[in-house]
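Data block below; observations after.
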Amino acid sequence: MTPDGSKGLYPPSDEYRKSAVIKSAEEYEKIYNASIEDPVAYWTKEAEQIEWFSKDWKDAFTWNKRTSEFTWFKGGKLNVCYNCLDRHVKNGLKNTAAIIFQGEEDDDVKVYTYGRLLNEVEKFANVLKSKGIKKGDRVAVYLPMIPELVITLLACTRIGALHSVVFAGFSSEAIYNRVADCKAKLMVTSDGSFRAGKKIDMKGKVNEVLEKDTDIKTVIVVKRTNAEIFMEDDRDVWWHKEMAKAPERCEPEIMDAEDPLFLLYTSGTTGKPKGMVHTNGGYIVGAYSSYKYVFNYRPGQIHWCTADIGWITGHTYILYGPLSFGATTLLFEGVPNYPEEDRFWQVAEKWKVDLFYTAPTALRMIRKSGDEWIKKHDLSSLKMLASVGEPIDADVWKWYHTVIGGGRCPISDTWWQTETGSIIIAPMTGAFDLKPGSAMKPLPGIETTVLREDKTECDVGESGSLYITRPFPSLARTIWNDHKKFVDLYWSAVNGYYLTGDGAKIDPDGDHWLLGRVDDVISVAGHRIGAAEIEAALISHRAVAEAAVVPVPDEIKGEAIYTFVTLKNGFVDSDELKKELINQVRNVVGPIATPKTIQISSGLPKTRSGKIMRRILRKIAGGGKYDDLGDTTTLLDPKIVESLIEGRK
Ligand code: WT7
C-alpha cells in the first residue's frame, strides 16, 4: 500500500479490502445513507447480532428532548457477560483463547480460553454474591492490568452489579472521590502492581482511602507482588482464598437493556469527576457493532489494544468489543519502554499480533527512541493499525504506516469519548483510500454536524464545534446522581444535539478533522484531565491562594500541564515549595497529572467579573508575546500580564 500519487491518499491493498466488512466507499455510502434515513431500523438490525433473552421492546428508541432522557431497546432482556462468554462457549469457541495475558516479565503468561474464563467469572460472581453484592450495587475496582481485572468486570456484569474502575495511576484522594460519589459497597484491589521493573503499592493507598467514611464493607485483595500489606480483619479478604471456596455455577442475571451496566468517571470542566452511566443493551450493541466495522476481525486473529482498562478504550476495545465478537484479545501488563525500548514490538512479534490499537502519545515516544528498535522485529503478522485519544498528525500517521505497518497496514484514526462508549468517527479501513491526519467518516447510524458559535452550520472546511444530531445506543444516559449536569453539559447548547466539546472541521470530501478540546480539559498523553481538578488540588495546599492550570504543547505527551499559582501572604517562592506543590498534585490527583511547570505569580489575569482569563494564560504559557494575546481590554489589571510574561518559565 503506497500513497496514491495524485491525492496523497493511502488505499488499502486489494487483499485487505476483500477481507473487510465494508469493502468500498460506495458500499459504506449505501449503508450509511440508509442508516441516517432510518436510524432506529438500522440500530435494531445491529442489535439483532447480540443474543437477547427477549426482544420485547415496545419502541426500540424513545427520546424526551425536553428532559434529555432517551432509551434504546427498553423492555429487551439480555446479559452482557452471557454475550461475551456463554454464547461463544455454546457456539464452539470453548477452547479458543479469549484472553492472552502477557505480564511485565516475559515468561509471565496466562491464556484463558472462553471456557476457562467463563468458569473463573462464574466463581467470582459467586464470591461477589457471598459478600452481599446484588443487581444495581456498585463495585469499585482498583487493579493492575491482570486477568483478575477482566474477571471482576465480567463477574459484575453477570450479576448486574455496576463496576466502577479507577485507573491504577490515580492516588487516594481521586480514588476516594470516585468511591464515595457512587457509594460503592465493595472494592477489588491487589497488594500491588509491577510497573517498569518496580513494585508499586496499591493496597496501602486503598487503606488510606478507607480511613475516611465510605460505604465499602468488603475489600477483595489479589496477591500480585507479595508485598507486605495491612489487611483489616473484618473487611479485607484474599481473592485466592475466596475463589477456592466459591461454587462453580452462577446463572447470568436477566437485565433490562436500559439497566445500568457500569460507571466510568471522567474529568470535566468542574473539579468533580463525572460518573458516566452506560447501559446494558445500548452499550454492548455499540461495542459489538463498532468492533465489527472498524477492526475487520477474522477468526484466529489476535487483537491488541494497548490502553489501560482504567479508561473507556480499555473497557470497550480490550474487553467488551472483542469478547462480544468472540475475538482473542491480548491483555498487556507492561509499558512500551521496559525492559527496553522495543517492548511493544517484541510482544507483537511473539504473539503474532494482527490488529494493533494504540495512542499517538505512545507513537511519538516510540518514534523518538529510534526506528532501529522496531526494525529488529518481524512485524509481518500486523494487518491493520489504529489510533485513539488525540489527533494523530499526518507526520506521525505516515511514520506509523511505514515503519510499524511496513507500508502494508491501513490505519484507522478513531475518534470517540468516554461518553460515547464506542467509536463514533473513524475510517472503515477496507472502504476508503485513507487520508493521513483525518478520522474521516462517522460510523453508520451516527450523524455529525459542525456549528459556529452562533449555532449556524459551518461551511465546508470551516472550524467549529462538533455535535452529534441525536442519541445513539452506546451514548451514556446520564451522569451518576446528576442528571441536571448531564443536560447542562451536553444537551443545552443546541436542544436535541449532543455537544462533544471538541472542535472540528469537515472537508469537501466529507472527511472529519478533529481539532482538540474547546473547553478547559487538558489531554495529557491522551488522558483527559480537568484543569479544575488540578486547581482544586493546588488550592488545598496551605500556601496557595489561587491557581490556574492550562495546557502547553508537549512533544511526546501532546499536552503538558502548566500551572500558575499565587501564594498566600507569608509564603515565598522557592524550589522546595514548588516541589511540594508538584507532590500535592501527584498525591491528590495522581502521577498522571504531574505539572510540567509551576509559575509562581503575584496575580492572575481576570475579567472585571472575576473570571480567570485562561485564553491569555494559555498563550503566555505557550510562549506568546504581549501583542499576540488577543483582546486584553476586559482585563481588570493589565499589568499582571506583563509580570506573568516576565516570570515565565
Ligand atoms: C477526548 C475523549 C475515547 C478514547 C480515549 C479518550 C480526544 C479521542 C481522538 C481522535 C482527536 C481525539 C477528544 C475527545 N480524542 N480520540 N482520534 N482524534 N481527538 O477518551 O478520556 O473520554 O477523551 O479525547 O478530545 O473529546 P476520553
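Everything numeric here is computed off the predicted structure, so don't read it as measured data. For ligands, and for the atoms within them, numbers begin at 1 and follow the listed sequence.
A perpendicular orientation is assigned to the rings of H401 and Y10, their planes being inclined by more than 60° (bins at 30° and 60°). Using a 30° and 60° split on the angle between ring planes, W43 and W72 fall in the perpendicular class, above 60°.
Both the sub-6.0 Å distance and the 45° axial angle are not jointly satisfied by K441 relative to the ring of Y32.
Applying the salt bridge (charged side-chain N to carboxylate O under 4.0 Å, His left out) test to every pair with at least one member in residues 487-498, sequence neighbours left out, gives these pairs: K484-D488. Counting only residues at least two apart or on different chains, the salt bridge (charged side-chain N to carboxylate O under 4.0 Å, His left out) pairs with a member in residues 456-465 are R452-D459, R452-E462.
For ligand 1, the protein residues within 4.0 angstrom (heavy atoms only) are I312, T313, V388, G389, E390, P391, D413, T414, W415, W416, Q417, T418, D502, L514, R517, R528.
Here S465 pairs with nothing under the side chain to side chain donor-acceptor pair (under 3.5 Å) rule; sequence neighbours left out.
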